[in-house]
Amino acid sequence: MIRSDREVKDPVLIDAMLAQFSTMVLSLDGEDGHPYSVPMNFGYEMDDKNLRVYVHFTKRGKKVDLMHRDPRCTLQFHSFLDFPDSPYKRHRHDYRRMTAKGSMEILDPANRLEEFRHAHEVLMHCNAREMEPRHTSSVPNMYMGRIICIWAGSCVRSIRCVPNPSFR
């Protein structure tokens, strides 16, 4: 990282940033040598060692084929906020981003029901959606994915590195 003064290491601030991001970009190893990238909504949990990101997708399709071939992935979270009336270090905006690398683990309700349910609850909670009681048969074509990212391989940046989780 060239601008280490913009690096964010405080877990409270990282959690606040992740809570602000509404989508992320999941990149997988594409078949043609180029990354296959797709925006997705997500849920997450974090501790002092790992970030666990949860996503959902259908049981058929390009993402699933690529994940079976190579589960390694890169996640990119980002937001751009304008602050026209309160410049900070001559900047009237704040570009916040986080890049994390991990491996996708597919959670199939047919054989990992409790993990599937937990992942679904986290995803719904992080997206401020209420859980509706569902029977496994109501999601027959859906997988949940869990991506475990080690903090050591992550990069979190913000122009406004202020100790205020609300970033205002």
| Can you name the residues that form a side chain to side chain donor-acceptor pair (under 3.5 Å) with Ser37, not counting sequence neighbours? | Ser27
| query | Excluding sequence neighbours, so at least two apart, what forms side chain to side chain donor-acceptor pair (under 3.5 Å) with Asp108? | reply | Lys59
| message | Which residues pass the side chain to side chain donor-acceptor pair (under 3.5 Å) test with Asp47, not counting sequence neighbours? | response | Arg52
| field | By side chain to side chain donor-acceptor pair (under 3.5 Å) - contacts of Asp29 (at least two apart) | value | none
| Partners of Asp70 by salt bridge (charged side-chain N to carboxylate O under 4.0 Å, His left out), sequence neighbours excluded? | Arg72
| query | Ile148 and Leu66: same hydrophobic cluster, using ILVMFWY side-chain contacts below 4.5 Å? | reply | no
| message | Just so I know, are the side chains of Glu115 and Arg146 near enough to count as touching, which here means a heavy-atom distance under 4.5 Å? | response | yes
| Within a strict 4.5 Å, meaning less than it, do heavy atoms of the Val53 and Phe77 side chains meet? | yes
| field | Tyr143 side, atom OH; Lys63 side, atom NZ - distance, nearest 0.5 Å | value | 13.0 Å
| query | Out of curiosity, Tyr44 OH to Ile14 CD1, how far, rounded to the nearest 0.5 Å? | reply | 10.5 Å
| task | Determine the minimum heavy-atom distance between Leu75 and Ile147, stating which atoms define it. | result | CD2-CD1, 3.8 Å
| task | Working to the nearest 0.5 Å, report the span between CZ of Phe57 and CE of Met104. | result | 5.0 Å
| said: Quick check for you: to the nearest 0.5 Å, what is the distance between Leu113 atom CG and Arg117 atom CZ? | reply: 4.0 Å
| field | Neighbour count >12 (heavy atoms, 6.0 Å) for atom NE2, His68 | value | yes
| query | Out of curiosity, Lys101 NZ to Gln76 CD, how far, rounded to the nearest 0.5 Å? | reply | 11.0 Å
| query | What are the two closest heavy atoms between Val64 and Thr58, and how far apart are they? | reply | CG2-O, 3.2 Å
| remark: Rounding to 0.5 Å, atoms CG (Leu18) and CE (Met46) come to a distance of 6.5 Å
| said: Show the nearest heavy-atom pair for residues Ser22 and Asn127, with the distance to one decimal. | reply: O-OD1, 4.4 Å
| task | Start with the C-alpha gap between Glu31 and Lys62, add the side-chain angles, then the distance that decides, and say whether side-chain contact (heavy atoms from CB on, under 4.5 Å) holds. | result | CA-CA 10 Å; Glu31 298 164 324; Lys62 188 165 187 156; 4.0 Å; yes
| note | Looking only at heavy atoms, the pair that brings Glu105 and Arg112 closest together is OE2-NH2, 2.6 Å
| field | Partners passing side-chain contact (heavy atoms from CB on, under 4.5 Å) against Thr23 (at least two apart in sequence or in another chain) | value | none
| message | When you group the ILVMFWY residues by side-chain heavy-atom contacts below 4.5 Å and let the links chain together, are Leu51 and Val25 in the same group? | response | no
| message | If I compare all heavy atoms of Leu107 with all of Phe116, which pair ends up nearest, and what's the gap? | response | O-CD1, 3.4 Å
| Passes side-chain contact (heavy atoms from CB on, under 4.5 Å), Leu28 versus Met67? Steps please. | CA-CA 7 Å; Leu28 300 161; Met67 285 178 228; 4.1 Å; yes
| said: Checking the side chain of Tyr54 only, and the main-chain atoms of Glu121 only, is there a donor and an acceptor separated by less than 3.5 Å? | reply: no
